[in-house]
Amino acid sequence: MHSTLPTRTIRRTVAGSLAAAAGALLLLGLTACSPSADTGDDLKSNGDFETSIVDWRQKMDDCMKEAGFDLTGGETAAGEPTGSVDTSQFDMDALNKASVACTAKVGDAPVDPNQPTEDEMFDTQLAFAKCMRDSGYDYPDPVKGSGGMGAAFGSDVDPNIVDACSAKAEKETTK
């Protein structure tokens, strides 16, 4: 018997896992499309998440650049950000050490207050598993702290039931 999580829960779990990923990969992903250094007052935080993350990325970019790592990706001939960084040019151990030092200096990336907590995701996964069992499938409860990833459903699972259980679990567990 194969199993999986509802689509929205998988997106949340993946997003949570990516957010928890340490070191250079997260830093590169967040800084690759950062604005150019000449952004002026646009980076002043007014309390909203989007502005806060832009402000944080700029501070991290500046810190990493001071440490010898330009993670802004450079610009095209037209002056637009390229959005990509060739990491093969860096000593990854040194990059990771710089990332840890800059995170200690600047702080962790802001957390989107609209994202569910790990406990909320776990509760949704539990509700989904119960719904699947109530619908006649041998579906195990998730293991807390495992990231919630499961095996794929087999062809014998009705996708309409998966969708219905996903919706029911979301409705039962959202604020």
Side-chain angles (χ1 to χ4, degrees), residues 2-126 128 141-152 173 175:
H2 297 291
S3 63
T4 190
L5 298 174
T7 303
R8 185 167 177 189
T9 302
I10 289 172
R11 284 194 305 256
R12 284 187 196 168
T13 303
V14 170
S17 297
L18 289 176
L25 294 179
L26 173 62
L27 182 61
L28 291 173
L30 290 173
T31 60
C33 57
S34 65
S36 63
D38 185 25
T39 55
D41 292 336
D42 292 343
L43 292 177
K44 300 279 191 259
S45 177
N46 63 5
D48 68 271
F49 174 73
E50 289 79 14
T51 302
S52 296
I53 194 71
V54 168
D55 186 39
W56 177 85
R57 284 191 335 208
Q58 185 64 51
K59 289 176 182 175
M60 282 297 288
D61 283 349
D62 293 345
C63 182
M64 291 298 290
K65 194 168 189 173
E66 289 173 14
F69 300 96
D70 184 0
L71 302 178
T72 59
E75 296 180 348
T76 65
E80 297 293 321
T82 63
S84 63
V85 176
D86 178 10
T87 59
S88 67
Q89 64 183 324
F90 301 132
D91 173 336
M92 294 309 287
D93 288 334
L95 178 70
N96 191 44
K97 287 178 185 173
S99 174
V100 169
C102 286
T103 300
K105 179 179 176 182
V106 173
D108 290 327
V111 176
D112 185 348
N114 297 316
Q115 289 296 311
T117 65
E118 184 176 340
D119 286 339
E120 290 169 333
M121 287 190 295
F122 183 72
D123 290 344
T124 300
Q125 294 164 2
L126 279 174
F128 177 81
D141 280 340
V143 176
K144 192 164 191 163
S146 68
M149 301 303 284
T173 58
K175 297 178 190 177

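When a residue number appears, it is its place in the shown sequence, counting from 1.
- Phe128 has its side chain out of reach of Thr173: every pair of non-hydrogen atoms, C-beta onward, lies at least 4.5 Å apart.
- Annotation for Phe122 and Val143: closest pair CE1-C, 3.9 Å, computed over non-hydrogen atoms.
- By the side-chain contact (heavy atoms from CB on, under 4.5 Å) test, Ala101 is found to be paired with no residue, residues two or more places apart in sequence or in another chain being considered.
- Of all the heavy atoms in Ala98 and Ala67, the pair that sits closest is CB-CB, 3.9 Å.
- Separating the CD atom in Gln125 from the CD atom in Glu118 is a distance of 9.0 Å, to the nearest 0.5 Å.
- Here the closest heavy-atom approach between residue Met121 and residue Pro116 is recorded as CG-CG, 3.8 Å.
- Among residues two or more places apart in sequence or in another chain, the side-chain hydrogen bond (donor to acceptor under 3.5 Å, both in side chains) test is passed with Asp91 by none.
- For the residue pair Phe90 and Leu71, the shortest heavy atom distance occurs at CE1-CD2, 3.6 Å.
- Side chain of Thr103 to backbone of Ser99: a donor-acceptor contact under 3.5 angstrom is found.
- Under the side-chain contact (heavy atoms from CB on, under 4.5 Å) criterion, Lys65 pairs with Asp70, not counting sequence neighbours.
- When the side-chain contact (heavy atoms from CB on, under 4.5 Å) test is applied to Asp119, the partners found at least two apart in sequence or on another chain are Thr117, Lys144.
- In summary, Lys59 and Asp55 engage in a salt bridge, as defined by a charged side-chain N under 4.0 Å from a carboxylate O.
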List the steps, then state whether side chain to side chain contact (heavy atoms under 4.5 Å, CB included) holds for Asp62 with Val106.
CA-CA 10 Å; Asp62 293 345; Val106 173; over 6 Å; no

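- Using a 4.5 Å heavy-atom cutoff, the side chains of Thr124 and Glu120 are not in contact.
- Applying the side-chain contact (heavy atoms from CB on, under 4.5 Å) rule to Lys97 yields no partners; only residues at least two apart in sequence or on another chain are considered.
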